[in-house]
Structures are given as structure tokens and as C-alpha cells.
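Beneath this line is the structure, given in C-alpha cells, with notes to follow.
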Amino acid sequence: MAIIVAEGLTKVYRSGFWKLKKVFAVKNLSLTIEEGEIYGLLGPNGAGKTTTLKMLVGLCQPTKGTIKIMNGNPQSLAVRKMIGFLPEQPYFYEYLNGYELVSLTAQMYGQQVTNKRINEILELVGMVEAKDIYLKNYSRGMLQRIGLACALISDPKILILDEPMGGLDPIGRKEMRDLILQLKKQGKTIIFSSHILSDAEMLCDRIGILIKGEKVKEGTLSEIVGEEIYEYEIVFTNISEVHLWQIKNLAKDLIKSGDKFMAICENEGQRDEILSFISSVGGNLVALIPRRKSLEEYFFTFIKERKYAP
């Protein structure tokens, strides 16, 4: 069931001394987000991702187009209470601590939230130990986490997250990914924007690619990238120099790493020939890895082929 339906969204800003020049931040964008899915909005800087999310949460009005969230208007208080929003660069009053900020956010939603509930949310986002520290002393990653706690305090049905992995170190990014998947299991619908394509590849049920304010591609990862294997990696050991030379002639490329070797094969014929040869000369097969095009590889090829400027 569709929980968010946007049709023909266009956002125009005026620039220049007389405000006569039109700048399209988003142009004729339509989205349908299904209940319970994770939807990734991807694109380079300036693609219109943040503007789109702000229109969905009612922070800015589209110049043209319509938005329905659970068949309601995103400007209405009833709908807004069902949405948790994390902006790209959250800014909070510096002289509150983490606990006070989450408590204040709950009051702004008109909720009486217990200390236990606040601590549970802080535990969920990994901020219990920092709850008594003033926000002015938080790192950007800590601000992201406490911002997510504020987005979750009302137990929303929909989470809209703008660059939720921004400012996080590799461990923090993994924890954020795990948390997003955990929230999906709880039945929440999650829309997030990102330019970190590997994160989107691991998380999203569907993705939409925005370029210069327009949606140029949408679908599941397999629909966009495809399932075709374009290369095989064969990792092996225990091969003499003479036999290595023969494998090098059979493969697209041969790479040495420590005591291991990796043969790159362009097709199944090359793969089978090299595997048979390694077996016949007593080599040890360590791994056979089929390679499919990643979302990142697809994205950069897509941009280059269509000559889209960032």
C-alpha cells in the first residue's frame, strides 16, 4: 500500500537582481513510496534531494504538484505527528544536553514521555553515555545521532532522513545502517537521501536517482544495475612461476597479493579453462568470486554516458 504519493513536484527559486531568472531545484518529480519499505533518494550535490525531502515533510511548499501522506496533507498537524525528520545538518541550542533536547522535542510533539522512554531512545541511537554533555561539545556524528533520537521520540510511522550517515565514522555508519534495518523490521517506512552509494546498496528496497532536479531512474537494485555477471575473480596459491605465466596468458589480468594470486576472467570460458588448469597442476583454489556491477559503478557510468555535470 502506498503511504506517500507525490505527483508532478516542481520547486522553482528566483535569482538575479530583479528575481527574474528561474532556477529549478526540482522538476516534475513523481514518487510513490510503499508502506514498510526503505526508499533511497540518490544523486550528486545539487540534485534536489534535500528540497524534495523538505517538501515531503512540509517545510517548503512545492511551486507545482501535490503530495499525499497517508491520504493527508503534509502541512497538517495530524500528518506531521506521524513523521520523524532528520535534516542533513541539524542545528540545536548548544546549552542543552542530549537528554534535555530529546525531552524538549517530546514536549513540542505534545507528548508526556517518561524518563524510561527517553533513555530507551538514547540507548537505541548509542547516546546514553553522552546524554548529560552539552550539545556544543558534540561532534557532527553525535549531533546526527541525537537528531535521530529526536526524530524517533514520537514513534513515527514514517522516517525521512537527509544524509543520515553524514559525519559518521565507519563504525558509526555500520551502526546507523543496522538501526535503519531494525526500524524497518518494526514496520516503519524510511526515506533517506545519500551520496554514499554503498550504504544505499545495502539498505534500500528501491532507489530513485535525481539529476538536476529530475528523476532519471527508479527501481530495485536488480532492475537498475542488473544481475549480469561481468567478471570472475579466481584466487589461488601453490603455483610455480612457469604455470603462473601460462595462467597470465589465459586471464584478462593476474594480480599478486602476498602468497596469493588473483586471476581476472572476462567470461565463463576463461573461468573454466583457468580452474581446470589450476586443478591439473596441483594448485590450491582459495576463492571464486563472480562480480556484478555495483551501484557506484553503474552510477558513475550513467553520469558519464549522459554527460550530466554534478
Give every donor-acceptor pair under 3.5 Å between a side-chain atom in residues 90-99 and any protein atom, sequence neighbours left out.
residue: N97; atom: OD1; partner: Y99; partner atom: N; Å: 3.1
residue: N97; atom: OD1; partner: E100; partner atom: N; Å: 2.7
residue: Y99; atom: OH; partner: N115; partner atom: OD1; Å: 2.4

Subject >> Set of residues satisfying salt bridge (charged side-chain N to carboxylate O under 4.0 Å, His left out) with respect to E268, sequence neighbours excluded >> reply: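 Testing E268 for salt bridge (charged side-chain N to carboxylate O under 4.0 Å, His left out), a comparison that skips the adjacent residues, returns none.
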
**OP:** Could you pull out all residues at least two apart from K252 that satisfy salt bridge (charged side-chain N to carboxylate O under 4.0 Å, His left out)?
**Re:**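 With neighbours one apart ignored, the set is E231.
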
Which residue pairs pass the side chain to side chain donor-acceptor pair (under 3.5 Å) test with at least one member in [range], sequence neighbours excluded?
range            : answer
residues 163-173 : E163-H195, R173-D199
residues 123-140 : N119-K131
residues 25-40   : E37-R206, Y39-E218

Original post:
Will you find, in the side chains of R291 and Y230, an N or O donor that is under 3.5 Å from an N or O acceptor?
Top reply: yes

Who passes side chain to side chain contact (heavy atoms under 4.5 Å, CB included) against [X], sequence neighbours left out?
X    : result
S257 : none
D253 : I255, I264
N238 : N284

Original post:
Taking only residues at least two apart or on different chains, which pairs with a member in residues 248-277 satisfy ring-ring contact (aromatic ring centres under 6.0 Å, His included)?
Top reply: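 Every ring-ring contact (aromatic ring centres under 6.0 Å, His included) pair that includes a residue of residues 248-277, provided the two are not neighbours, is F236-F261, H243-F277.
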
**OP:** Please list, chain by chain and in numerical order, all residues satisfying side chain to side chain donor-acceptor pair (under 3.5 Å) with S193, sequence neighbours excluded.
**Re:**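 With neighbours one apart ignored, the set is D162.
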
**OP:** State whether Y13 and K11 meet the cation-pi test: NZ (Lys) or CZ (Arg) under 6.0 Å from the six-membered ring centroid, and within 45° of the perpendicular axis.
**Re:** yes

Would you list the atom pairs, donor with acceptor, under 3.5 Å between side chains in residues 71-81 and any protein atom, with sequence neighbours excluded?
residue: N73; atom: OD1; partner: Q75; partner atom: N; Å: 2.8
residue: Q75; atom: OE1; partner: R80; partner atom: NH2; Å: 3.2
residue: Q75; atom: NE2; partner: G58; partner atom: O; Å: 3.1
residue: S76; atom: OG; partner: N73; partner atom: O; Å: 2.9
residue: S76; atom: OG; partner: V79; partner atom: N; Å: 3.3
residue: R80; atom: NE; partner: P74; partner atom: O; Å: 3.3
residue: R80; atom: NH2; partner: G58; partner atom: O; Å: 2.8

